Amino acid sequence: MVKFILIMYLCSGVANDCKRVPTTITTFDSYRDCGIYGYQHTVNVLKAMPEEHVNKWKIYTRFKCQENSSAI
């Protein structure tokens, strides 16, 4: 069965740079579940950061759900 992994990046519109962000769930049973978690995790990450920091650095996230056929 094909599983999916979430790969998420935290980005700065000011620095024009992105860094990979660790996530708590490593595999998902469907692309849909992975995508929903990615958007929910984005909200949690941004809410946990100080508003001034997000505004100053124009913080945003990017993510993708990648097939991982070797996951069990």
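None of these values were measured; they are calculated from a predicted model.
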- With sequence neighbours excluded, what pairs up with Lys19 under the salt bridge (charged side-chain N to carboxylate O under 4.0 Å, His left out) test?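 For Lys19, the residues satisfying salt bridge (charged side-chain N to carboxylate O under 4.0 Å, His left out) (neighbours in sequence not counted) are Asp17.
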Hey, could you give me the [atom1]/[atom2] distance between [X] and [Y], rounded to the nearest 0.5 Å?
X     : Y     : atom1 : atom2 : value
Thr23 : Met8  : OG1   : CE    : 7.5 Å
Leu10 : Cys18 : CG    : SG    : 8.0 Å
Arg32 : Phe4  : CZ    : CZ    : 13.0 Å

- Which residues share a ring pair (Phe, Tyr, Trp, His ring centres under 6.0 Å) with Tyr9, sequence neighbours left out: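 For Tyr9, no residue satisfies ring pair (Phe, Tyr, Trp, His ring centres under 6.0 Å) once neighbours in sequence are set aside.
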- Item | Test ring pair (Phe, Tyr, Trp, His ring centres under 6.0 Å) applied to Tyr37 - qualifying residues, sequence neighbours left out |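 Result, ring pair (Phe, Tyr, Trp, His ring centres under 6.0 Å) vs Tyr37: Phe28, His41.
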- Query: Is it the case that one hydrophobic cluster holds both Ile25 and Val21, taking links as side-chain heavy atoms less than 4.5 Å apart, direct or via other members?
  - Reply: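 Result: yes, single cluster for both.
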- Message: Just to verify, what does Ser30 make a side-chain hydrogen bond (donor to acceptor under 3.5 Å, both in side chains) with, not counting sequence neighbours?
- Response: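 side-chain hydrogen bond (donor to acceptor under 3.5 Å, both in side chains) check on Ser30 returns Asp33.
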- Query: At their closest point, which heavy atom of Cys65 faces which heavy atom of Leu6, and how far apart are they?
  - Reply: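 Shortest heavy-atom contact: SG-CD1, 4.1 Å.
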- Message: Side chains of Val45 and Val43, heavy atoms from C-beta outward: is any pair under 4.5 Å?
- Response: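 Val45 vs Val43: side chains apart.
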Less than 3.5 Å apart, which donor and acceptor atoms pair up between the side chains of residues 48-64 and the rest of the protein, not counting sequence neighbours?
{"residue": "Asn55", "atom": "ND2", "partner": "Glu51", "partner atom": "O", "Å": "3.3"}
{"residue": "Thr61", "atom": "OG1", "partner": "Thr42", "partner atom": "OG1", "Å": "2.9"}

